[in-house]
Amino acid sequence: MTILILEWSNPLNKSCAIHFSCVSQLFIFCSVMLHLSQDVEALRGELCRKDEECREQERRLAALEQQVQERTGVIVQLQQQLEEAAQRRQELQLLRDGEETLSRQAALPLQVKYVTKTVEVESAQSKQALIEAQAHNQALQEQLSVQRQLLRELEQQLHESQRSSSQLRQQILVYEGEMERAQGQLEAEMQSLEEEKNRVIEEAFIRAESEMKAVHENLAGVRMNLLTLQPALRTLTCDYNCLKRQVQDFPYMLEKAITEAKQEICQVIGEVSSANQELLRKYKREMNLRKKCHNELVRLKGNIRVLCRVRPVCAGETDAADTKNKVTFDPDDDAVLYLSNKGKLMTFELDKVFPTQATQEEVFQEVQSLVTSCIDGFNVCIFAYGQTGSGKTYTMEGVPEDPGINQRALRLLFSAVSEKKPDWDYKITVSMVEIYNETLRNLLGDNPNEKLDIKMCPDGSGQLYVPGLTEFTVESVEDINKVFDLGHMNRATACTNLNEHSSRSHALLIVTVAGFNSSTGHRTSGKLNLVDLAGSERITKSGAEGSRLREAQCINKSLSALGDVINALRSKHSHVPFRNSRLTYLLQDSLSGDSKTLMMVQVSPLESNVSESVCSLKFAQRVRSVEIGPSSSSRRQAESSSTSSSPTHDA
């Protein structure tokens, strides 16, 4: 079908190419016309700008003419003022002439005096005439002084008028020069603008003419192409009709192809399903074999494995006189420990010895194979033993930034459980118990001081349980932290001469893992006991008094009972004294049957703690030689059932 479409598409491609060439030429023609119209618009804008500049020059010229007219009016006013000043000058000249006449008349006083005297002697009429003449003369003198004052003022005004007239003449000359220069500049600018306008118009005309010529040529080519496109268009129409008919038949062909593809896919799915069933069968067989190998490995290592960890010397202990390190290690064998006691070198052989620089992660890697056994329905117990201050609580609980076995074990269980989903569904519950002065205390309950008791399960399985014990279901690390914080807050600790925060009780973290296989319907139930024993101590060294003394006595009594149980198991006595202590009674499930137990003995390397270290290591060697007896037939059947349906985590 694809080949036919390609053959039909060849004439279509040819006609489409011709059509596209015509369209491209039309596009070129349109772009040229657009460019030409843009040039015309640019020329129009340039002409408008030049006309605007010409109008601006005309406005400036009109403003200059108006200024010239104003200056001409000012000149006319100044000329009038000059004429008035000339008239005043003539009047002043006349006043001067009158003054000179009066002065000449005043130059003849003797004659007048003589005549006056003569007249005065002669007659009263002459006397009267003389008085009138004197009065007239006085009036003339006063008038003369007034005229002189007026003359001086007119002379000052004349001088000022002459000075302002000269200044105005100079300003007129300056304005006339500026007008001539402005008129010359305006004429030059008008001429240059006219030339620029003519040049731009000429260039635009030439460019438009050439572009129009090119457009006409392109238009002629487009017309020719359009004439040649008509047969191609008819061919394209014919091909389109053929394609249309094929498209109408396409749904039937598509449905047929889909039906064939479905049949092939169903066949492949069937083959893959049968292959998956075979792989699943092989996987289950491999997991069962791996589980058997894993259990056999743990059994070959010993039902009760004993590990030893030597704590480092603290910073505050390096200054004391008895802080010499008495513990050495074998570089070729990590299961041998040497302890120097009173000049003699004692050798202790255990399953594994961790030196002082060992990390929490290294310690947990050695015990994690036991932790995963509880997923398959086994009872597992890991407990730390040693003197006060030897690092038991640090190994089991650790610190927030470097957690110990307890928190790492729960994280490993979460990881193993998530890997087995969705076939297996697991429920993990946690409870914390404290044995304080031979009394059981519920560390996760509302009333930690409430006394609890240990009883046998009524279902006849022989398992022990604690009625009223609080259990929390945990699903994440946050849930673990909440449980640990609550338990640590309720646990009894105190300060002694050997340890500032000495644990005054045995703490048990009980983890129950219940699993259900949705495919086979099988169920498993395992228990993990993580025990932080209280430190064995000598009362003379710890300085315990009062309630601390009673706590120490109870601790030593329970540890002695644990030693008696270990000796009885080692000697394979018919009666094992589990009930002599609450601690041994609660750990009966983990120390008997097919349970898997690990002991972490903690040792201090200091010279002052050599005697306690020797006791701890000797007790560890005794524990290492204990063999827990075989399980009952019912338990083996349950184990066989869980083995056939529960794959074990690969250590």
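This chain uses plain numbering: 1 for the first residue, then up along the sequence.
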Are R411 and Q407 linked by a side-chain donor-acceptor pair shorter than 3.5 Å? yes

Side-chain donor/acceptor of T429 to backbone N/O of T473, under 3.5 Å: no

Quick one: are K596 and C381 in side-chain contact, heavy atoms under 4.5 Å? no

Please determine whether side-chain contact (heavy atoms from CB on, under 4.5 Å) holds for the pair V310 and F354, giving the CA-CA distance in whole Å, both sets of side-chain angles, and the decisive distance to 0.1 Å. CA-CA 6 Å; V310 182; F354 295 100; over 6 Å; no

Does N517 use its side chain to pair, donor to acceptor, with the backbone of W424 at less than 3.5 Å? no

Answer yes or no: is there a donor N or O on one side and an acceptor on the other, between the side chain of R408 and the main chain of P403, under 3.5 Å? yes

Before you tell me yes or no, could you show the steps for Q602 and T395 under side chain to side chain donor-acceptor pair (under 3.5 Å), namely the whole-Å CA-CA distance, both residues' side-chain angles and the distance that decides it to 0.1 Å? CA-CA 9 Å; Q602 296 286 144; T395 299; 2.8 Å; yes

Using side-chain contact (heavy atoms from CB on, under 4.5 Å) as the criterion, point out the one residue from N341, V603, V614, V610 that pairs with K326. V610

Taking all non-hydrogen atoms of both residues into account, name the closest pair between H575 and A568 and its distance. O-CB, 4.1 Å

What are the two closest non-hydrogen atoms of A409 and L530, and how far apart are they? CB-CD1, 4.3 Å

Pairwise side-chain contact, E397 with H488, heavy-atom cut-off 4.5 Å (strictly under): yes

Calculate, to the nearest 0.5 Å, the distance between atoms CG and CE belonging to L307 and M599 respectively. 10.0 Å

Determine the minimum heavy-atom distance between R305 and D351, stating which atoms define it. CA-OD2, 3.2 Å

Is it the case that the ring center of Y385 lies less than 6.0 angstrom away from the ring center of F619? yes

Are any non-hydrogen side-chain atoms of V430 and L509 less than 4.5 angstrom apart? yes

The test is side chain to side chain donor-acceptor pair (under 3.5 Å); show your working for S505 and E434 and say whether it passes. CA-CA 6 Å; S505 63; E434 179 185 51; 2.5 Å; yes

Quick one: are I510 and M432 in side-chain contact, heavy atoms under 4.5 Å? no

Which is it for K420 and I375 under the side-chain contact (heavy atoms from CB on, under 4.5 Å) test, yes or no, and what are the steps along the way? CA-CA 11 Å; K420 295 183 179 182; I375 299 178; 3.4 Å; yes

Spacing of T597 atom OG1 and L370 atom CG [to the nearest 0.5 Å]: 8.5 Å

Compare every heavy atom of C374 with every heavy atom of V380, then report the nearest pair and how far apart it is. CG2-N, 4.0 Å

Find out whether V371 and L413 are in side-chain contact, i.e. whether some heavy atom of one side chain is under 4.5 Å from a heavy atom of the other. yes

Do L606 and R311 come close enough that some side-chain heavy atom pair is under 4.5 Å? yes

Ignoring hydrogens and geometry, is there a side-chain-to-backbone donor-acceptor pair from T439 to I435 under 3.5 Å? no

Would you say CG of D446 has more than 12 non-hydrogen atoms from neighbouring residues, nucleotides or ligands within 6.0 angstrom? no

Neighbour count above 12 (heavy atom, 6.0 Å) for K352 NZ: yes

Nearest 0.5 Å please: distance from the CD atom of E450 over to the OG1 atom of T470. 8.0 Å

Cationic tip of K392 above Y394 ring, under 6.0 Å, 45° of axis: no

Any sub-3.5 Å donor-acceptor pair from T584's side-chain atoms to F578's backbone N or O? yes

Side-chain donor-acceptor pair under 3.5 Å between Y585 and R579, yes or no? yes

Between the side chain of S273 and the main-chain N/O of I269, is any donor-acceptor distance below 3.5 Å? no

Work out which heavy atom in R309 is nearest to a heavy atom in A358; give both atom names and the distance. NH2-O, 3.3 Å

So how far is it from I454 CD1 to L587 CG, rounded to the nearest 0.5 Å? 8.5 Å

For F472 and D479, what are the C-alpha separation, side-chain angles and deciding distance, and is it a side-chain contact (heavy atoms from CB on, under 4.5 Å)? CA-CA 9 Å; F472 283 100; D479 297 341; over 6 Å; no

CA sep, side-chain torsions, deciding dist, call: F414, I428, side-chain contact (heavy atoms from CB on, under 4.5 Å): CA-CA 9 Å; F414 288 148; I428 301 176; 3.7 Å; yes

How far does CD of Q263 sit from CD1 of I258, to the nearest 0.5 angstrom? 12.5 Å

Take atom CD of Q621 as the centre, draw a 6.0 Å sphere, and report whether it contains more than 12 heavy atoms from other residues, nucleotides or ligands. yes

Ion pair check, D425 and R523, cut-off under 4.0 Å: no

So do the side chains of L339 and F348 get within less than 4.5 Å of each other, counting heavy atoms only? yes

For the side chain of S613 and the backbone of S604, is there at least one donor-acceptor N/O pair under 3.5 Å apart? yes

Side chains of L443 and L486: does their closest heavy-atom pair fall under 4.5 Å? no

Hey, is CD on E271 packed in by over 12 heavy atoms from elsewhere, all under 6.0 Å? yes

Roughly how far, to the nearest 0.5 Å, is the OH atom of Y436 from the NE2 atom of H506? 12.0 Å

Side-chain donor-acceptor contact under 3.5 Å, E361 with T359: no

Can you name the nearest heavy-atom pair linking L350 to A620, along with the distance? CD2-CB, 4.1 Å

